[in-house]
Amino acid sequence: MRAQDLLLVTLREPPAEAEIPSHQWLVRGGFIRRVASGIYAYMPLMWRVLRKVEAIVREEMDAIGALELRLPALQPAELWRRSGRWDTYTAGEGIMFSLRDRQGRELGLGPTHEEVVTSLAADLIRSYRQLPVCFYQLQTKFRDEIRPRFGLMRGREFIMKDAYSFHADEEDLRRYYGSMDQAYRRVFARCGLKVLAVQADSGAIGGAASQEFMAMAEAGEDLVLSSADGRYAANQERAQSLPPPAAPLKVTADECFATPGQATIEAVCAAHNLHPTQTVKVLLHRASFADGPDQPVLTVLRGDQEVNTVKLANVLGRLLAERGPLLALERLEVDTLPAHGAQLPVGFLGPDLADDAVQGTPGLVGGFLRIVDPTAADLAGFVCGANAPDQHRRAPGWRALALSFTRADVRSAQPGDRCRHDSEAVLTATRGIEVGHIFQLGRKYSSALAACFNTEGGGTEPMWMGCYGIGVSRLAQAAVEQNHDDNGMIWPVGIAPFEVVITVANGEEQEQRRLAEGLYGELRAAGVDVLLDDRVERAGVKFKDADLLGIPWRVVVGRNAARGGIELKARSAREVLDMDAPRLLPHLLPRLQRQRRGSLPETGSGVEV
RNA sequence: CGGGGCGUAGCGCAGUUUGGUAGCGCGCUUGCUUUGGGAGCAAGAUGUCGCAGGUUCAAAUCCUGUCGCCCCGACCA
């Protein structure tokens, strides 16, 4: 490709719309253009990158026997009603774009494809002899995100590789999940990404085990907690840890005491010489389900702990499974709730807050579902709110409250917490960009959509399923987030828009032009992805653009051209290597071949599993 | 959804407080000179000031509505 023909439009200043480096550089380099919030055009340079990522993904998926197909983005609501996800995905905070066609039929734009693929599998697969099978596709996904952000990082339309596997038993699902894990590691290595595999919450997809692949970066939206020994890493949504030990509190009598204006744990502790671990806090939530009115929820944690709403939502979904899927979980606006005709004593609530405290609130029916985290449940004596303004209570234990609670881990693990696998090890926090996620789904979808097969023994059973995603467009931007400097992007060779750029320093010099054209032909003949910068621009402009675009190798044909001399420079390095033109190929080719593998080790070629 | 900010030339911005009919830098076009890290000089082109109403002799500026974009938050008890 010649730069003359590339319609290269680069910007000198960072665009106002972009916050993080990768977004700024992609816009400045002319890789992407915003069309609407969270919706981007992939310009020719970006499209080259995306096609390279897709090619790597294809090779690795094909290598583990997955079958590529293409499923529709436009999907009938009926299919989603059968899996029970239409309401969760369209109502409330739902992320599915939905519409009606001219006949009034409801349709959705696919945010994911479990329903479609499972119904196809149900049609096609009759016998255990056909299993296992894995389908995958590279496709545009649509998600009506609450807040699209950071360019391609969280878009409303984006490219995703999704794969779905079907198995006769759980053992085979586990085996295939393992080979998918390995395939993912190879994909990310070949793309030149530094990725950490972490335990993850399954979220709205559901299922048992799940693992996320995090590209480590400051701009990441996820918090990862990991131990230095490499034995534990998890998304904070999912992470478990040992809480700090509580300071013992001896409570001899069950009594209330005055805490005027002390509506926070901090204030109570300061005024009465207490430690936050000697107190408990009470949180009120409203849980909305597909069936029936909203459920009030009262959650108790030790005073120094934070609630993890993902864990809490999972617990509620399990405890109230008969109410249908959990649509929303939000904090109750306590200030507006009536309590016995007056307002609730905010800041002075106790675990034994009466069931009728929130009655009369629109949409809320029934008494509290009371949940207590082990950090609070294990306290012998503690201080809590007395359910009266400016009053707290010393409680000599849970028996004094005479109420039953469901005990469940709903606390958020924090950096600095000790690890469960080794109480000497401590969790540290890093930020990550979720570029891949693999799930063992189990039989949730196959049961709902009657995707069954005949077993060897003659019975009929729902298939075991796994699903596996890679955010292709997000991955490409994450690569920039991990690889850039003050002058622009530094693409890993495996996914760079071009591997080499030949910069003609002065296009009016015949020797330079002739030599550059010769090298251009040689490199192309050798299978190198090369850009010839033959534009009528000054050398400085071309150097700046080459750096901005992040092409990993730069060959300069300039002042030494007359005697056949050129320069070679790696985008990531400072040094410039002078050499004679004929030496370029023998020098560069072996290096390129190595770099095309990314960080994939020489031995572990992408075939065996 | 709540809070904050912003829409003025292709890009980045000033001008809005105090109303007087639109400007700067970069980019773009033409010419000359220059030619290894975003060149210099000269001459030029480019705007329904997001949109729609209203107030006024007069609106980018004031008022009302509306659309769009960005950021923060969805916490504490």
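Heavy atoms only: backbone and side chains are in, while hydrogens, waters and symmetry mates are out. Nothing here was measured: the structure is a model prediction, and the numbers come from that model. Chain letters run A, B, ... following the sequence lines, proteins first and then strands; every chain starts at 1.
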Separation of the [atom1] atoms in [N] and [M], to the nearest angstrom:
{"N": "B/C70", "M": "B/U34", "atom1": "C1'", "answer": "42 Å"}
{"N": "B/U61", "M": "B/U48", "atom1": "P", "answer": "16 Å"}
{"N": "B/G73", "M": "B/G27", "atom1": "P", "answer": "37 Å"}
{"N": "B/U55", "M": "B/C67", "atom1": "C1'", "answer": "23 Å"}
{"N": "B/A58", "M": "B/C26", "atom1": "P", "answer": "38 Å"}

Identify the nucleotide, in any strand shown, that forms a Watson-Crick or G-U wobble pair with [N], with both distances under 3.5 Å; if there is none, say none.
{"N": "B/G36", "answer": "none"}
{"N": "B/C1", "answer": "B/G73"}
{"N": "B/U61", "answer": "none"}
{"N": "B/C28", "answer": "B/G44"}
{"N": "B/U66", "answer": "B/G50"}
{"N": "B/U18", "answer": "none"}

hbond_proxy A/Arg331 side chain to B/A74 base (donor-acceptor, 3.5 Å cutoff): no

Base B/G36 to side chain A/Asn506, donor-acceptor N/O within 3.5 Å cut-off: no

Contact residues, residues 537-546 of chain A to RNA chain B [heavy atom, < 4.0 Å]: A/Arg538, A/Ala539, A/Gly540, A/Val541, A/Phe543, A/Lys544, A/Asp545

Those residues that, when tested against A/Arg48, pass salt bridge (Lys or Arg N to Asp or Glu O under 4.0 Å) (two or more places apart): A/Asp529

side-chain N/O A/Arg12 vs B/G27 OP1/OP2, d < 4.0 Å: yes

Distance test, side-chain N/O of A/Ser37 to OP1/OP2 of B/C70, below 4.0 Å: yes

Side-chain H-bond candidate by donor/acceptor type, A/Gln305 with A/Thr375, under 3.5 Å: no

Side-chain donor-acceptor pair present, A/Arg85, A/Thr90, cut-off under 3.5 Å: no

Over-ring placement of A/Arg370 relative to A/Phe368, 6.0 Å and 45° cut-offs: no

Partner of A/Val280 under side-chain contact (heavy atoms from CB on, under 4.5 Å), chosen from A/Leu301, A/Ile265, A/Leu379: A/Leu379

Geometric class of the A/Phe382/A/Trp398 ring pair [parallel <30°, tilted 30-60°, perpendicular >60°]: tilted

